Amino acid sequence: MKTTIDGIEIAWEEAGSGQPLVLVHGLPFQRGMWAPQLSGLARKHRVIALDLPGFGESSAPSGPATMVAIADMLAKFCQSVAKVPVVLAGHSMGGYAALEFARQNPSLLRGLVMVASRCIADTPDAAANRKAMVSRLKTESPEFVAEAMLPRMISTDNRDPAMRQSVRALMEPLRADGIAYAQLAIASRVDFSNLLGQIQAPALVIAGEKDLVAPLEEAGIMAAGFRQGRLEVIEHAGHMVSWEQPKAVNAALDKWVSAL
């Protein structure tokens with residue numbers, strides 16, 4: 001299905017019925033990364049997964065490349081598709097957008113789920129590296145993005161080549177327009193470390209035990225910073241926690257969302 005938001009076609013799919021759980025993918029993935037949650041949670045929940053602009057089957061992004069702009073698009077999408085307050089879950093970059101959504105649109109939010117994500121802003125060096133990637137994308141194939149990110153996506157203990165290959169497949173199609181836009185938005189995002197307490201909605205932080213991108217220690221600090229925060233640690237999982245250990249993640253989501 002597709003819905004037009006401010007002239008941009010947003011591709012999405014849903015399964016199940018009931019209160020909506022909206023899933024926002026990370027970089028450089030697309031909504032397919034949530035397939036285990038769509039199938040596993042639909043019995044009790046209405047699960048919605050979308051492609052952000054420039055990813056998957058959505059059209060190219062436009063306007064300023066900021067997390068505020070992404071959060072505004074998500075708010076309009078939720079108002080159009082869900083029509084009621086949602087539980088918003090974001091993986092990595094999707095979590096950054098979810099935090100901004102929570103700050104801007106508290107009335108649209110029943111609950112916030114941060115999946116393998118962080119609340120801190122980029123260091124100057126990290127922001128510079130993202131901008132350098134954007135420059136490379138002007139002349140190079142985005143394949144180098146996948147090569148750089150893939151080794152850090154799953155647990156270092158996971159030796160299954162099929163898992164690695166499946167994670168790589170979730171990055172397709174690699175689109176320079178979406179990756180560049182997202183990297184600029186991430187580089188300029190607000191540091192939420194001291195703003196988490198302003199978020200009224202209950203928050204669940206799902207962390208992979210062996211996440212090399214969003215460290216477990218940070219996840220614990222973030223969960224403690226929310227007014228109503230809970231930490232769920234998923235063992236034997238890296239950054240792609242919802243794909244690597246879907247049954248454990250689904251069980252955590254189901255229990256927490258059902259209790260709201």
Side-chain angles (χ1 to χ4, degrees), residues 19-27 29 33-34 36-37 40-41 45 47-49 67 70-71 74 78 85-106 108-122 126 152-155 186 189-260:
Q19 291 292 326
L21 167 62
V22 178
L23 306 174
V24 186
H25 62 81
L27 175 73
F29 300 99
M33 68 162 285
W34 298 113
Q37 285 65 56
L41 296 171
H45 310 281
V47 190
I48 301 168
M67 209 53 68
I70 296 175
L74 286 173
C78 289
V86 304
V87 175
L88 185 65
H91 172 261
S92 197
M93 170 187 70
Y96 308 152
L99 283 174
E100 196 62 63
F101 180 106
R103 181 166 70 159
Q104 292 184 46
N105 306 280
L108 299 180
L109 195 65
R110 289 183 65 239
L112 171 68
V113 186
M114 301 288 286
V115 181
S117 195
R118 313 172 80 183
C119 65
I120 63 174
D122 272 357
R152 305 179 71 199
M153 291 296 102
I154 60 176
S155 168
I186 294 170
R189 73 187 188 278
V190 170
D191 191 319
F192 268 84
S193 300
N194 296 318
L195 301 175
L196 298 176
Q198 298 178 13
I199 296 174
Q200 302 286 339
L204 174 65
V205 177
I206 296 178
E209 178 191 19
K210 299 188 176 183
D211 191 337
L212 299 177
V213 178
L216 180 56
E217 181 181 3
E218 279 189 32
I221 294 171
M222 177 166 57
F226 288 111
R227 289 190 178 192
Q228 304 177 68
R230 175 179 172 80
L231 174 65
E232 190 75 37
V233 179
I234 307 299
E235 296 181 348
H236 311 298
H239 193 56
M240 283 294 286
V241 55
S242 58
W243 185 261
E244 196 172 8
Q245 298 293 343
K247 290 183 179 179
V249 169
N250 288 357
L253 279 169
D254 179 35
K255 181 179 178 180
W256 187 80
V257 173
S258 297
L260 287 177

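All values below were derived from every heavy atom in this structure, side-chain atoms included, with hydrogens, water molecules and symmetry-related copies excluded. Here the structure is a predicted model, which is why all the values come from computation and not from measurement.
Atom CE of M240 and atom CD1 of I154 lie 10.0 Å apart (nearest 0.5 Å). The OH atom of Y96 sits 7.0 Å away from the CG atom of D122 when rounded to the nearest 0.5 Å. Note that CG of L99 is 5.0 Å distant from CD1 of I199, once rounded to the nearest 0.5 Å. Note that CD of Q228 is 12.5 Å distant from CG of L204, once rounded to the nearest 0.5 Å. Rounding to the nearest 0.5 angstrom, the gap separating the CG atom in L41 from the CG atom in L23 is 8.0 Å. Going from atom OG of S155 over to atom CD1 of I234 covers 13.0 Å, rounded to the nearest 0.5 Å.
Side chains of S92 and F29 form no contact here, defined as non-hydrogen atoms less than 4.5 Å apart. Contact of the S258 side chain with the H45 side chain is registered, since non-hydrogen atoms from C-beta on lie closer than 4.5 Å.
Between A207 and L216, the shortest heavy-atom contact is CB-CD1, 3.8 Å. In terms of heavy-atom proximity, R152 sits nearest to V213 at O-CG2, 3.9 Å. Heavy-atom minimum distance, A97 versus I70: CB-CG2, 3.8 Å. The minimum heavy-atom distance between R110 and P202, with the atom names listed, is O-CD, 3.4 Å. Closest heavy-atom contact between A71 and N105: O-ND2, 4.3 Å. Pairing each heavy atom of W34 with each of A89, the nearest pair is CZ2-O, 4.4 Å.
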Q: Go through the steps to decide whether L74 and E100 satisfy the test side-chain contact (heavy atoms from CB on, under 4.5 Å), and finish with yes or no.
A: CA-CA 10 Å; L74 286 173; E100 196 62 63; over 6 Å; no

**Q.** Criterion side-chain contact (heavy atoms from CB on, under 4.5 Å) on W256 and V113, from CA distance to verdict
**A.** CA-CA 10 Å; W256 187 80; V113 186; 3.6 Å; yes

Q) side-chain contact (heavy atoms from CB on, under 4.5 Å) between F226 and L112: does it pass, once the steps are laid out? A) CA-CA 10 Å; F226 288 111; L112 171 68; 3.8 Å; yes

Q: Please step through side-chain contact (heavy atoms from CB on, under 4.5 Å) for the pair M222 and R118, ending with a clear verdict.
A: CA-CA 7 Å; M222 177 166 57; R118 313 172 80 183; 5.7 Å; no

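Side chain of H91 to main chain of H239: a donor-acceptor pair is present (N/O by atom type, distance under 3.5 Å, no hydrogens or angles). D211 places a side-chain N or O within donor-acceptor distance of the main-chain N or O of A214, the cut-off being under 3.5 Å. R189 places a side-chain N or O within donor-acceptor distance of the main-chain N or O of I120, the cut-off being under 3.5 Å. Between the side chain of E209 and the main chain of A237, no donor-acceptor pair closer than 3.5 Å is present. Here the side chain of Q198 pairs no donor or acceptor atom with the backbone of R103 at under 3.5 angstrom. Counting only distance, with no hydrogens or angles, the side chain of Q37 and the backbone of S242 share a donor-acceptor pair below 3.5 Å.
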